[in-house]
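Single-structure report; data block below.
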Number of protein chains: 2
Amino acid sequence: MAVTIRDVARAAGASNGTVSRVFNNYPDISQKTRERVITIAQKMGYVPNVAARTLSSKSMQVVALILSDLLSSKENSISMEMMSGVYRYADDHGMQFVLYLTTTKQQHEKSFDQFCQERNITGAIIQGLKTTDPYFEEIAKSSVPVVLVDLDRGDPSIGTVSIDNVQAENEATQVLLRNGVQDPVMINGSINAQVSIQREAGFKLALSSFGRTPKDYTVQYANFDQEIAVAKVQRLLREHPSVDGLVCASDSMAIAILEYLRKQKIRVPEDIQLIGFDDLIIGQYMTPTLSSVEQHMELIGQQSCHLLNKMMRGMKKSEPKRIFVPYEIMERDSTAISKEN
Amino acid sequence: MAVTIRDVARAAGASNGTVSRVFNNYPDISQKTRERVITIAQKMGYVPNVAARTLSSKSMQVVALILSDLLSSKENSISMEMMSGVYRYADDHGMQFVLYLTTTKQQHEKSFDQFCQERNITGAIIQGLKTTDPYFEEIAKSSVPVVLVDLDRGDPSIGTVSIDNVQAENEATQVLLRNGVQDPVMINGSINAQVSIQREAGFKLALSSFGRTPKDYTVQYANFDQEIAVAKVQRLLREHPSVDGLVCASDSMAIAILEYLRKQKIRVPEDIQLIGFDDLIIGQYMTPTLSSVEQHMELIGQQSCHLLNKMMRGMKKSEPKRIFVPYEIMERDSTAISKEN
DNA sequence: CTGAAAGCGCTTACAG
DNA sequence: CTGAAAGCGCTTACAG
């Protein structure tokens, strides 16, 4: 049924080894043999079997994209873009792409090394990993090269790709401050999450560069949860009517807040200016349209795979493994007002 | 380095075959041996190598989810949900899951059978396939079981999973008609696309059940493109001011139209009622919120894999391979008015 | 109930 | 430049 390398070899009057060498672009094959083999293989419809290849070869590259924990539906499209970036890069560079959706629970059942071993994974890109996940520690000891997206393990042997969250949130906050916002509050994610810490740092940097001092209510944690975010805002505005600007660590929260403010007849941006993070498409269809920080997820995916590729080919220790991908501040209607006079 | 079946066998004082049988749950292994092998394997951290397994075994199931052509960003989250459904089902049933993003161009380079052969694919779920794609013909002749999502090949040997598009659009249209819409127009996708044909049939069914006769402008084709959709609506309303209801074959188009209508100060639902299809999250955040037809993509994914699984295990010819998954009509503000008196 | 052995489809030192 | 052969890590008839 399926035509194998042996069939081709026989038909071409050559050995398995020769056919294999042709298909792997070995240099020292006579032009004549090469052409004959290729023609015949083509005619027979031969395609090398990937499983056999990965099994017998030490040099087959298999890159795994590991998406940790089921992403909330709001974030779905983000991962799809990033996945597409990884996929294309891998495909274009002769690497095998495999996708895994893992959970914290599964990580307990099987170690990272076992996971890689069982699937012949030679390099992994991991997104959505939490610092409390088992893999977080295990990847440091693993011999499999790893690129982390949006998480900096602080380990020189591990690749990291993300935007500069500090600088991005700094700039986002400055949009409000330049527009004359007097009492900005940050609606942050989780107090432990690295991106939250970074974005908070950026937020505070902006305040300080404008000579502002944070109040005790200036940072609120809502765990990236829409309901919590709304509840926090509700209470915040009741207790501190002076608040006139909200910097949200995610669009998901910002969107829910925007909905809430509209229902409360609180005008955006007149009464309160609002900026999110991630630039979900939804924000562009809301009224008012939502300002945000755009991340180029496809590029992040592509860059991650590029970095991983270099690491798998034995990147020098000295070379930097920390890549910052560009982002973009999208100013829209939710910050489209200047209160300066 | 990596611990193999041989290492475990040696340590357990058994043969490779015995260890293999234990891991594959063969029935006739003594309880004693089974336990000893399991304990030792566990202790050694043994995990069976998947590549070796698929290579040597005829019975390993590899299900491929093939997403045809890069999906437009608007549709991204749809596929992510469906993918998640397939993944979970495969994972829970001991099947290997692999994902491929293919393009029409790639389909020309390698036949469907070659594609499956090279990756040891034993069953495929394909989404986004067009009737003009090479695979569309090739799957009929292939010995690899295939489930098509959202496309009915009309071939009894091929599985098909989707909602009942005819009935869904019928119901969606009836929402408008019940609300007193007098001159409804359908903004359809492509005149060749199967879902478009089905949804149009449903639309017309609804009209006829209300005793309405289509006018020459009653169905407009916009190729699922936002710009075209808006342009069509613009012209439509200019030439036929009597139009007071729009049935859109996709939310993507409906959203763009809703934006346009708002800019034109045409009131929805007062002047024109509007219903979409797909129930993208965006619609729920627009003003007014968009009525639509919800598809349970995760369920579609899950059902597809379930059907494929049965087909791979040699489903009887007689058994139906056409699965209709439930959908839901979501009535929201864009149709929230009754013009009856 | 278990072992010995062939085989899955490739790759790659080793010779020549 | 090319062939013969061992080996990648498993599975599975075949015996016993």
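In what follows, every chain begins at residue 1, and chains take the letters A, B, ... in the order their sequences are listed.
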>> Test of understanding: with side-chain contact (heavy atoms from CB on, under 4.5 Å), list the residues that count as partners of Asn49(A), not counting sequence neighbours.
In response: Ala51(A), Ala52(A), Leu55(B), Asn120(B)

>> Pair Tyr46(A), Asp7(A) - check side-chain contact (heavy atoms from CB on, under 4.5 Å), show working.
In response: CA-CA 9 Å; Tyr46(A) 169 70; Asp7(A) 301 323; over 6 Å; no

> Distance under 6.0 Å and angle within 45° of the ring axis: does Arg21(A) meet both against Phe23(A)?
Replying inline: no

> Would you say dC1(D) has OP1 or OP2 under 4.0 Å from some side-chain N or O of Thr33(A)?
Replying inline: no

> Does Arg88(A) pair with Glu298(A) as a salt bridge, N-O distance under 4.0 Å?
Replying inline: no

> Passes salt bridge (charged side-chain N to carboxylate O under 4.0 Å, His left out), Glu118(B) versus Arg53(A)? Steps please.
Replying inline: CA-CA 10 Å; Glu118(B) 111 187 301; Arg53(A) 239 163 130 145; over 6 Å; no

> Taking atom P of dC1(D) as reference, at what distance in whole Å does atom NZ of Lys32(A) sit?
Replying inline: 12 Å

> Which residue, Arg322(B), Gln295(B), Gln127(B), forms the side chain to side chain donor-acceptor pair (under 3.5 Å) with Ser162(B)?
Replying inline: Arg322(B)

> Salt-bridged, Glu137(A) to Arg153(A), with N to O below 4.0 Å?
Replying inline: yes

>> Base contacts versus sugar-phosphate-only contacts with protein, heavy atoms under 4.0 Å: please encode nucleotides 8-16 of chain D as B, S and - from 5' to 3'.
In response: BBBBBB---

> Relative to Tyr100(A), does Arg119(A) satisfy both conditions: NZ or CZ under 6.0 angstrom from the six-membered ring centre, and within 45 degrees of the ring's axis?
Replying inline: no

>> Looking only at the side chain of Ala14(B) (C-beta and beyond, no hydrogens), which of the listed nucleotides dG3(C), dT2(C), dT2(D) gets closest?
In response: dG3(C)

> To the nearest angstrom, how far is Glu35(A) atom CD from dC1(D) atom C1'?
Replying inline: 15 Å

>> Using a 3.5 Å limit on both distances, find every run of at least three consecutive Watson-Crick or G-U pairs that involves DNA chain D.
In response: C:1-3 with D:14-16, C:5-12 with D:5-12, C:14-16 with D:1-3

